Amino acid sequence: MNMLDAGQSVNKLKILIVDDSELNRELLASMLEDEYEIYQVENGKKAIDILEKSREEFKLVLLDMNMPVMDGYEALSIMKRRKWLDRLPVIVISAEIGGESVRKAYELGASDYFVRPFNESIVSRRVRNTITLYDNISSNFNDAVMMLSTIFFRILKIDLKADTYEIIEHGDNDPLRECFQKESISECLMGLAEEGYIHEEDYKEYVEFCSIEHLKRIFSDGSQYASLQYRRVIDGEYRWISMEIVRSTEYREDNQQVVMYVRDINDDYIKLLQMAMSHTLDSVGIVSANVSQGICLSFAGKKEELEGREGQSIDSYIEMISKMIPVDELRKNFCQKFSQKNMLKTFHEGKTDISMDTAFACSKETQVSVLRVNVDMARNSFSKEIGAVLHFTDITAGYLVENVPQKIYQKNYENIIIIDANRKKMIKTDILSSVLSEYLKREELYEGWTSYDSQKDVVDSECEKFKKCVELSAIEEGLCKDKQYSFTVHEIDETGEVRLKRYSYIYVDKRLNIIVGVREDITEFSEKRCFGRRI
């Protein structure tokens, strides 16, 4: 393994570059070495050997596809099979735009790709965005696992096709953790039965359910969930255990990923999580409640604003948090939908869940968040009372991406700006995708023309026009008259050439007064128009 001497620091994040071309490795290293600690190898075999021993140290792998000894496809396939790609992103290096090789790399689990010759700004931005995105996923995942580990004493990620598994969590309260030492998940599960841990009355059902072929059939038929309740010996006595298996979003025909959760349900108090599990990992707030009695039991999550007090009535809690909904119509609908009366009515009609997407603003000074609110209900088999879990999931980034008019995606804009006109705040971004969640954290004040990096490039004779056109009042007035507001100005680019730029604005959500603005170069287009005609 070759490590670059320049700029090494124990504080820098580590990147592994895998390419048989020393020139390509050095080019990429020179673009990234100021910010990252770079390691280099010349083929996939050496990369796998390094990652086998110390993959936790690396934040990213840049992987060439065509190499001797072991090519990128084989290396990526091994990384996927060994479940390394869940925590370690890979950006592949390709000589073509799109095509079969890139498609195959994505199928094997690659996060992104670069095309040679390298563009330094693209390389730097994609490396930074990919690392940031995976860091957030890892952080959220670890938080979720910590929370779930208080409920489930075993969490496994399983590949049914390969009959392999990865231990996500083995809680301290799992007395049989030592039984999970074999490579095959079917051997581990059958071993529990063969070694006498399963109650004799549940033995046959347990063995049939845990058959790898049986589980394959369940999920290949499109099922999202399967569960089994059985009795198992714990500390010399039999206790009821629930094994719950959820189809992963990564599930594919050749990569049959599922997640297994195992917990003690002998006391039955936590049985409600069977239906709520699909929401738990992403929640920013969780409320458990007794619907029959109409009271909230407990609160957890990342947003303090969503917390109430133990014993508070469901209706008063819903009324309290509804005050953060900035639109009257949505506020009334929210209160009606999640009232105790409507929950009971919904449950008695045979439905066990209620869902609604709505905007929340904790105060006039804070950024509006779009939350998906779900409530899952179940009847306790012992008390016969109806329990519920409310989940609040932040879907702001996805909401913005989905609601931006499709024509925004049809062009490669130079800049994109999202404006919260009510609060006179803005977010500058160069990408509209799931990575937008990172840009939401970089909010700044919208101050008219000084908010635009491009304002210094506007030709002197059009500066006053530009200042007036980008005033928030002018943008809002223009959008009141038409669905789109736009204007053009001439700007001087870095080569000294005068270019014609068009600024366009469209409402993302008129009720919330959220506006998206874009900047594009239309010089070539304008030159094709008839002489003297204005754009």
Side-chain angles (χ1 to χ4, degrees), residues 1-9 12-138 431 433 435 438:
M1 179 166 63
N2 299 319
M3 184 170 64
L4 299 184
D5 295 328
Q8 283 185 33
S9 168
K12 288 184 177 181
L13 303 179
K14 295 179 181 180
I15 291 177
L16 178 62
I17 299 175
V18 189
D19 197 318
D20 61 322
S21 167
E22 183 177 359
L23 176 60
N24 285 341
R25 297 199 306 270
E26 293 296 337
L27 281 172
L28 285 171
S30 66
M31 295 175 184
L32 299 168
E33 62 186 345
D34 286 345
E35 190 171 350
Y36 305 98
E37 186 175 342
I38 307 298
Y39 288 71
Q40 304 180 27
V41 291
E42 62 270 24
N43 61 62
K45 175 68 168 58
K46 289 188 176 181
I48 295 299
D49 290 344
I50 291 167
L51 295 174
E52 183 74 58
K53 298 175 182 177
S54 55
R55 64 184 175 279
E56 293 83 4
E57 298 179 16
F58 291 95
K59 284 292 185 178
L60 180 68
V61 176
L62 304 182
L63 180 67
D64 184 28
M65 290 288 95
N66 300 309
M67 296 179 290
V69 184
M70 181 187 289
D71 65 20
Y73 298 111
E74 186 176 354
L76 199 54
S77 180
I78 292 172
M79 294 172 71
K80 178 181 180 181
R81 188 165 62 249
R82 296 182 181 178
K83 309 293 187 300
W84 297 352
L85 300 177
D86 293 344
R87 311 288 177 83
L88 180 64
V90 175
I91 296 178
V92 301
I93 301 168
S94 174
E96 59 177 304
I97 300 175
E100 182 64 22
S101 64
V102 173
R103 184 192 65 79
K104 184 178 179 182
Y106 274 127
E107 288 179 352
L108 289 172
S111 300
D112 206 341
Y113 73 97
F114 297 145
V115 177
R116 293 190 294 265
F118 303 123
N119 179 300
E120 184 170 356
S121 64
I122 291 176
V123 168
S124 298
R125 185 174 72 245
R126 289 187 176 178
V127 164
R128 190 178 302 111
N129 283 346
T130 300
I131 290 176
T132 300
L133 179 60
Y134 266 71
D135 276 348
N136 285 341
I137 291 173
S138 178
I431 189 167
S433 72
V435 185
E438 285 310 301

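Everything numeric here is computed off the predicted structure, so don't read it as measured data. All residue numbers refer to positions in the sequence shown, counting from 1.
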More than 12 heavy atoms from other groups under 6.0 Å of CD on E22: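 No.
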Nearest 0.5 Å, what's the [atom1]-[atom2] distance between [X] and [Y]?
X    : Y    : atom1 : atom2 : result
D19  : E26  : CG    : CD    : 11.0 Å
R125 : T130 : CZ    : OG1   : 10.5 Å
F118 : N24  : CZ    : CG    : 4.5 Å
F58  : E37  : CZ    : CD    : 8.5 Å
L63  : Y73  : CG    : OH    : 10.0 Å
E120 : M31  : CD    : CE    : 5.5 Å

Under a 4.5 Å cut-off applied to non-hydrogen side-chain atoms, are [X] and [Y] in contact?
X    : Y   : value
I93  : L28 : yes
V127 : L60 : yes
I38  : I15 : yes
I48  : M79 : yes

For R128, side-chain contact (heavy atoms from CB on, under 4.5 Å) partners two or more places apart: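 E35, Y36, S124, T132.
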For a quick test of reading the model, state the closest non-hydrogen atom pair linking [X] to [Y] and the distance between them.
X   : Y    : value
L76 : A105 : CD2-O, 3.5 Å
L16 : Q40  : CD1-N, 4.3 Å
E33 : K12  : O-NZ, 2.9 Å
N66 : D20  : O-OD1, 3.4 Å
G44 : V18  : N-CG1, 4.1 Å
R55 : E52  : NH1-O, 3.6 Å

For V61, the option from V92, V90, I50, I17 that meets side-chain contact (heavy atoms from CB on, under 4.5 Å):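 Exactly one option meets the side-chain contact (heavy atoms from CB on, under 4.5 Å) with V61, and it is V90.
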From CA spacing to verdict: side chain to side chain contact (heavy atoms under 4.5 Å, CB included), R116, D64: CA-CA 10 Å; R116 293 190 294 265; D64 184 28; 3.3 Å; yes
Side chain to side chain contact (heavy atoms under 4.5 Å, CB included) evaluation trace for L32 with V123: CA-CA 8 Å; L32 299 168; V123 168; 4.1 Å; yes
K53 with D49: basic N within carboxylate O range, under 4.0 Å: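 Looking at D49 together with K53, the answer is no, because their closest N to O distance does not fall below 4.0 Å.
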Worked check of side chain to side chain contact (heavy atoms under 4.5 Å, CB included) between M70 and K46: CA-CA 9 Å; M70 181 187 289; K46 289 188 176 181; over 6 Å; no
